[in-house]
Amino acid sequence: MIKLLGATQRCVSNLLSTGRRSSVRRLSLRKLVATMIALAVAAGVFAAAWLNIGFYYSLTASVLLVVLYLILVQKKFCYVAIKTIPRDVKALYTYIQILWITRKFSKLNLTVPDIFHDTVQKHPDKACFLFKDEVWTFKEVEDYSLRVTAVLKSQGVKKGDIVGLLFNNCPQMPAVWMGIARLGGVAPLINTNQRGNALLHSINVAKCDYLIFSDEYQSAVQDVAGQLSPSLKLYKFTHRDLNSSSGKSGEGGDAIQDFTNLLETTPPATWTLADGEGFEGKLLYIYTSGTTGLPKAAVISNARFVFMAAGIHFWRLNSSDIIYCPLPLYHTAGGVISVGQALILGCTVVLKAKFSASQYFPDCAKYNATAAHYIGEMCRYVLATPPSPADTQHNVRVIYGNGLRPQIWTEFVKRFNIKYVTEFYGATEGNANIANTDGTPGAIGFVSRIIPRVYPIAIIKVDQETGEPIRDQKGLCQLAEPNEPGVFIGKIQTRNPARQFLGYVDKSASEKKIVRDVFEHGDSAFISGDILVADELGYLYFRDRTGDTFRWRGENVSTTEVEAAVSRCADHRDAVVYGVLVPNIEGRAGMCGLVDAAGTLDLRALHERLARDLPVYARPVFMRIMDSVDMTGTFKMKKTDLQKEGFDPALVKKDKLYYLDPKLGQYLPLGKEEYEKIVSGQIRL
């Protein structure tokens, strides 16, 4: 009986592992036959026992045998199951809720403006957006959106047209893109920090037919106007409440039309269902952060918009929540996940023109927020503010976002009295979204060890330097073992809106994010480019970006871990770490750009602290002391230009450079003479 149970358990394990290994990799005919025989024999034994001693006693004996077998032979399996079943069951229930709502909208083939209309009908006078001292009800947002639809229709916008938006945070922004979507247009949300070639690239790569920009970006648009397509129509928007007196919005030039004046003189359109491509049709283009070069325009469909918003909502939020969102609305985090809480799920969302660390929790108190959104380095900036009574004088019970570093997690939630944290992970262009649902410090999500097939994501082995998957003899990818770093992937299923990969507007760029022949020949997956680690319970932890990890002295160095250590040891200053080539030395030496605008940094004390926190090979060999570091709009530090300049004083003009003397154990000034000695090998690192 024990042998039969063993065979059965092994077969069940094989079946359950299909999400990781064989969704994946089909069981061989031999294993399938063995499974059926084992189950048939087990059923026969049970039937024989039933006939001899009765059903109740035979069932009890069989259950006891199974339990005894699992305890004696499968201790680890039992331990993992006991620890994770509550988490997995809750996640499964939430996932079913998400699939139910997406399936409902899919059957009706609704777009986001259509879904928002249903939300408006439920509570037209409820606050949808709070902004400064303004209160925008759900009905007011829809009315504004219908006015936008009327204006753009009169200007010739039709189904399939691309209408770019260059807006700062305000309630009008989502209302404008819903007005575009109602006509079947697509709205690229352009990063407001873009200037010159980057702005020109963002407009051109999306193939914009129209561009609506806020008046504060007029000079940026005019700087590139001569290089834009002559067919591109330009509209300037001036922030002014529609109830205020009308008038000129300012000079815009002959080629620029006054969008605000058009809104003020055009009655709203009559509500109708959107003239788009339905639930799976394109809604927005959202640009990647551009940390490694020019941004790429990722495609966001109505289905993906709903899936991302619902994916956060059903964990800890409800429709009565007031959500504080100081993030830019041109990015997925603010413009989809938080705005979606209002448009799709009926929450009230507080919009902030610009993030302020010192005003984060005071704002939450001011607006009576019950939930708050964070991203990137925000939490570190908030934690670096001086302690004050406002730290706990708020009603925020849950914060959600991505980028809360493990090194400050516990300190942050304790200081600001946060009951729940929902740390999530997902790329704008990807199909692999995960969430840490139980507040395990540092985890960005999890993969079930018991029922992995339910959500087809995995971590596969890759070359740490090239990022290329490591394949087996059959040419298929290999799963990373527990606690082994690997790249995170999400299996592509074209018939499932939640598992589709829409990629970028640039199809060649999209193809680079797809890995093929993953677990069986002919399948495919979105490859994130992020190095993750899963522990034995399935909790996932971010390790680094592919290409950011570098080797020094025969060891792999994670830039993310070193950045966190340096920042912590330097009183939460901005720190960006990267590897630089040193002639005649294998690998890359670690270099750290560290912000010290006030000139108060003690490098000797910093090195002493780093010596306690980091192994020798991970400590930065070079230091670059800067007044500031370039950031993306989503609070990620840019390092491409820093890496190109390296430690050469001839290229680094204004910042101070230092190198680590291993004998003295301290950082020494690095000038032209020291640079030449390092290159020639006279100074040994």
Side-chain angles (χ1 to χ4, degrees), residues 23-25 160 162 186 188-191 198 201-208 277 280-305 307-308 331-332 336 425-434 456-472 474-480 486-532 544-549 632 640:
S23 84
V24 345
R25 195 176 296 170
I162 311 299
V186 181
L189 307 183
I190 299 172
N191 187 325
H201 167 82
S202 294
I203 295 170
N204 289 337
V205 76
K207 302 175 183 177
C208 291
E277 297 177 358
E280 295 185 27
K282 296 177 183 178
L283 175 69
L284 304 169
Y285 293 158
I286 293 184
Y287 297 81
T288 58
S289 297
T291 53
T292 57
L294 290 172
K296 295 183 283 290
V299 178
I300 305 295
S301 66
N302 294 275
R304 181 145 176 79
F305 187 100
F307 183 80
M308 286 192 286
H331 202 263
T332 311
V336 174
Y425 165 89
T428 298
E429 71 278 20
N431 69 343
N433 303 84
I434 51 177
I457 57 175
I459 300 177
I460 61 172
K461 297 180 180 181
V462 293
D463 185 300
Q464 294 280 318
E465 294 186 3
T466 66
E468 289 297 315
I470 297 175
R471 298 182 179 270
D472 60 19
K474 297 180 180 179
L476 301 175
C477 298
Q478 302 180 62
L479 286 167
V487 73
F488 185 65
I489 63 167
K491 192 166 187 224
I492 297 172
Q493 298 172 344
T494 55
R495 295 183 180 180
N496 183 350
R499 308 301 312 158
Q500 291 175 348
F501 172 63
L502 301 177
Y504 308 108
V505 175
D506 182 349
K507 297 303 179 185
S508 61
S510 300
E511 188 62 30
K512 294 177 183 178
K513 301 295 289 187
I514 298 175
V515 57
R516 303 187 186 280
D517 299 332
V518 185
F519 297 116
E520 62 182 8
H521 292 288
D523 69 353
S524 61
F526 162 73
I527 185 164
S528 67
D530 290 329
I531 302 296
L532 271 57
D544 222 332
R545 285 285 301 169
T546 303
D548 278 356
T549 297
T632 69
T640 305

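- Side-chain atoms of Asn431 and Lys491, non-hydrogen and from C-beta on, never get closer than 4.5 Å to each other.
- Atoms NZ and OG, on Lys513 and Ser528 in that order, are 6.5 Å from each other to the nearest 0.5 Å.
- With sequence neighbours left out, Glu277 forms a side chain to side chain contact (heavy atoms under 4.5 Å, CB included) with Lys159.
- At most 12 heavy atoms of other shown residues, nucleotides or ligands fall within 6.0 angstrom of atom NZ in Lys207.
- Summarising the geometry, atom CD1 belonging to Ile470 is positioned 14.0 Å from atom CG belonging to Leu476; distances are rounded to the nearest 0.5 Å.
- Taking all atoms of both residues into account, the shortest heavy-atom contact from Val299 to Lys282 is CG1-CG, 3.7 Å.
- Tyr504 pairs by the ring-ring contact (aromatic ring centres under 6.0 Å, His included) definition with nothing, not counting sequence neighbours.
- Contact check for Asn433 versus Phe307: side-chain heavy atoms found under the 4.5 Å cut-off.
- The shortest distance between side-chain heavy atoms of Ile286 and Val336 falls below 4.5 Å.
- Applying the side-chain contact (heavy atoms from CB on, under 4.5 Å) test between Tyr287 and each of Asn191, Val505, Val205, Leu189 identifies Val205 as the sole match.
- Not a single ring-ring contact (aromatic ring centres under 6.0 Å, His included) links Tyr285 to another residue, sequence neighbours left out.
- For Thr428, the side chain to side chain donor-acceptor pair (under 3.5 Å) criterion is met by Thr332, not counting sequence neighbours.
- Annotation: the span from Ser301 atom OG to Glu280 atom CD amounts to 7.0 Å, rounded to 0.5 Å.
- Two residues are said to be in side-chain contact when any heavy atoms from C-beta on lie closer than 4.5 Å; Pro188 and Cys208 meet this criterion.
- Between Phe488 and Ile531, the closest side-chain pair of non-hydrogen atoms is not below 4.5 Å.
- Between the CZ atom in Phe501 and the CD atom in Gln493 there is a gap of 15.0 Å [rounded to 0.5 Å].
- For Lys461 against Ala480, the heavy-atom pair with the smallest separation is CG-CA, 3.9 Å.
- The heavy-atom pair separating Ala206 from Ile162 by the smallest distance is O-CG2, 3.5 Å.
- Side chain of Glu468 to main chain of Asp463: no donor-acceptor pair is present (N/O by atom type, distance under 3.5 Å, no hydrogens or angles).
- In this structure, the separation between CD1 on Ile457 and CD1 on Ile434 is 5.5 Å, given to the nearest 0.5 Å.
- Considering only residues two or more places apart in sequence or on other chains, Phe305 meets the ring-ring contact (aromatic ring centres under 6.0 Å, His included) condition with Trp177.
- Listed by chain and residue number, Glu511 satisfy the side chain to side chain donor-acceptor pair (under 3.5 Å) test with Arg516 (two or more places apart in sequence, or in another chain).
- The minimum heavy-atom distance linking Glu429 with Ala298 is given by the pair CB-CB, 3.7 Å.
- Pairing each heavy atom of Leu479 with each of Ala458, the nearest pair is CD2-CB, 3.7 Å.
- How far CG of Asp523 is from SG of Cys477: 8.0 Å, rounded to the nearest 0.5 Å.
- The shortest distance between side-chain heavy atoms of Val487 and Leu532 does not fall below 4.5 Å.
- A heavy-atom distance below 4.5 Å is not found between the side chains of Lys474 and Asp517.
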For this session: Please step through side chain to side chain contact (heavy atoms under 4.5 Å, CB included) for the pair Ile492 and Ile514, ending with a clear verdict.
Result: CA-CA 9 Å; Ile492 297 172; Ile514 298 175; 4.2 Å; yes
